[in-house]
Number of protein chains: 2
Amino acid sequence: MNILVVEDFKELANEVIDYLSKNGYVCKWANSCSKALEEINSNDFDVLLLDLGLPDGSGFDVLKMVRKTQSKMAVIIITARGELDDRINGLQLGADDYLTKPFALTELGARLYAIIRRIHGFTVNDLNIHGFNLQLQDYKVSYNKIPINLTKKEFDIFQYLALNKNRVITRLQLTEHIWGDILEVNSDSNFIDVHVRNLRKKLDKHTSLEWFETVRNVGYRINV
Amino acid sequence: MNILVVEDFKELANEVIDYLSKNGYVCKWANSCSKALEEINSNDFDVLLLDLGLPDGSGFDVLKMVRKTQSKMAVIIITARGELDDRINGLQLGADDYLTKPFALTELGARLYAIIRRIHGFTVNDLNIHGFNLQLQDYKVSYNKIPINLTKKEFDIFQYLALNKNRVITRLQLTEHIWGDILEVNSDSNFIDVHVRNLRKKLDKHTSLEWFETVRNVGYRINV
DNA sequence: CTTCGACGACGAGAATATTCATAAATAGAT
DNA sequence: ATCTATTTATGAATATTCTCGTCGTCGAAG
């Protein structure tokens, strides 16, 4: 699930992106209208998180543009209290929801979940890639209905690489995302490699894995 | 390290408390001036996180009262942008720092860390309880200089109970705090009990553990 | 084309975490 | 005081995670 976060206040953006990433969303950041439009034109996002007060104009301009072209993208408007006046009340401009600052991250999470479910139907929690089916909610994987027994770490790695398909994911990114607090983990260790190895060994039984690349000096990538 | 969070906006308070708890702070919440003063009079806090716009008055009244009596308590003021006018600029009223909403939780964490270090000197990362010394930063425990080999989970449990000494901590609290996402964990399991048991077995070798109570139907508590 | 060094793959084993079955302890009811 | 139901403690088995040593492979330099 890809999300574009349009917000000029960097700390807030970081906080939001960090939270969403940890919940399995793949995020990009834009800090202005122009950057946002640029991103939207070059990538496919499922959700747009849109702050209204941007340095080079109102987020509404972005929203209008989006609604002209990409109708399936969900838009959540973020606004300071009071900034949302009557004129635009009722979400007539085509936003799916809105949040007033300051908001709790869990609140954002709940809105997102609801919207995604509304748009994509009830089962968004499945991830299908190269014949494998990942049920994100209960950590189950199968290939052609044949269940595969992955450990939690193996599942986490598979899920994260799959969510970020076609992008190289570094070992550091995996560590930060899956293990969280980076300080607890010994960095000059090959535990990621070992988990990847074990994951591959299990997947390999079912099909060829040439799409599961090792990118030397960088990390791992799942191509689709 | 005990913190009182004075903030009437419940979602924000929850978010902050959740974050701080996960970083080893022990938090209480007050949503009004009167509740805050009540808490301050009955408990000892190291830091006061104080929102200014409260339903029954300004947080400044709380601050003034605090400065009359409890001079060693650190105070961080939380305020909406613009709410902090010139009259009170420069922290003349005795606050140690302030943050404007919206703020990033990591920013709050950094300020807290700095303030606590300023007040308590450089080494706040040791916890001493009943003869045991916990070095929080590198997961080491010792009793009379004799090192004790605890696993990470055992250390986490010991630390959390010690930080919350004299309070009963439920299994759910331990699960949420140490394992994080509660959904991943099978709740009808006794894994907490097992970790507690193993922890006790290791501590027990060095001294009597009558202060490490099991509170039937509730959880565990370390008395001091 | 060969050599060298760095990086990743791999196997095996140690350490840790979790599950499970059963025993002991506790509190309430009889 | 005894019984009973529920909660916690315990030992042991199982599963998972992480560490370590070694080997293979890739790519750059000669």
Q: Return yes if the base of C:dA6 and the side-chain atoms of A:R216 contain a donor-acceptor N/O pair under 3.5 Å, otherwise no.
A: yes

(Q) On the side chain of B:N190, is there an atom forming a donor-acceptor pair with the base of D:dT10 - under 3.5 Å, no angle test? (A) yes

Using whole Å, report how far [atom1] of [X] lies from [atom2] of [N].
{"X": "A:N149", "N": "D:dT17", "atom1": "CG", "atom2": "P", "value": "11 Å"}
{"X": "B:E154", "N": "C:dA15", "atom1": "CD", "atom2": "P", "value": "14 Å"}
{"X": "A:K152", "N": "D:dA15", "atom1": "NZ", "atom2": "P", "value": "18 Å"}
{"X": "B:I178", "N": "C:dT16", "atom1": "CD1", "atom2": "P", "value": "16 Å"}
{"X": "A:K201", "N": "C:dA9", "atom1": "NZ", "atom2": "P", "value": "13 Å"}
{"X": "A:K202", "N": "D:dA15", "atom1": "NZ", "atom2": "P", "value": "11 Å"}
{"X": "A:L203", "N": "C:dA9", "atom1": "CG", "atom2": "P", "value": "14 Å"}
{"X": "B:K153", "N": "C:dT16", "atom1": "NZ", "atom2": "P", "value": "13 Å"}

Check this one for me: any side-chain N or O of [X] less than 4.0 Å away from OP1 or OP2 of [N]?
{"X": "A:W179", "N": "D:dC18", "result": "yes"}
{"X": "A:T151", "N": "D:dA15", "result": "no"}
{"X": "A:Y220", "N": "C:dA9", "result": "yes"}
{"X": "B:R171", "N": "D:dT8", "result": "yes"}
{"X": "A:T214", "N": "C:dG8", "result": "no"}

Q.
What does the 5'-to-3' dot-bracket notation of DNA chain D look like when only Watson-Crick and G-U wobble pairs under 3.5 Å count, and pairs to other strands show as |?
A. ||||||||||||||||||||||||||||||

Q) Where do A:V5 and A:I3 land on the side chain to side chain contact (heavy atoms under 4.5 Å, CB included) test, with the steps shown first? A) CA-CA 6 Å; A:V5 178; A:I3 300 181; 4.2 Å; yes

Q: Work out which heavy atom in A:Y143 is nearest to a heavy atom in A:H206; give both atom names and the distance.
A: CD2-CB, 3.6 Å

**Q.** Closest non-hydrogen atom pair between B:Y160 and B:I169, with its separation
**A.** CE2-CG2, 3.8 Å

Q: Using the closest heavy atom to pick a nucleotide of DNA chain C for each, name whichever of A:V194 or A:V218 lands nearer the 5' end.
A: A:V218

Q.
Within the 4.0 Å heavy-atom criterion, would you say A:H195 contacts the bases, only the backbone, or no part of the nucleic acid?
A. sugar-phosphate

Q: Return the orientation label for the B:F132 and B:F158 ring planes: parallel under 30°, perpendicular over 60°, tilted otherwise.
A: perpendicular

Q.
Below 30° counts as parallel, above 60° as perpendicular, anything between as tilted: where do the rings of A:W179 and A:H195 land?
A. tilted

Show me the donor-acceptor pairs within less than 3.5 Å that the side chains of residues 214-224 of chain A make with the rest of the protein, sequence neighbours left out.
| unit_1 | atom_1 | unit_2 | atom_2 | d |
| --- | --- | --- | --- | --- |
| A:T214 | OG1 | A:R200 | NH1 | 3.2 |
| A:T214 | OG1 | A:R200 | NH2 | 2.7 |
| A:Y220 | OH | A:R171 | NH2 | 3.3 |
| A:R221 | NE | A:E213 | OE1 | 3.2 |
| A:R221 | NE | A:N223 | OD1 | 3.1 |
| A:R221 | NH2 | A:E213 | OE1 | 2.8 |
| A:N223 | ND2 | A:E213 | OE1 | 2.8 |

Q.
Run the side chain to side chain contact (heavy atoms under 4.5 Å, CB included) test on A:L50 and A:V66 for me, step by step, so that the C-alpha distance in whole Å, both residues' side-chain angles and the decisive distance to 0.1 Å come before the verdict.
A. CA-CA 11 Å; A:L50 187 60; A:V66 164; over 6 Å; no

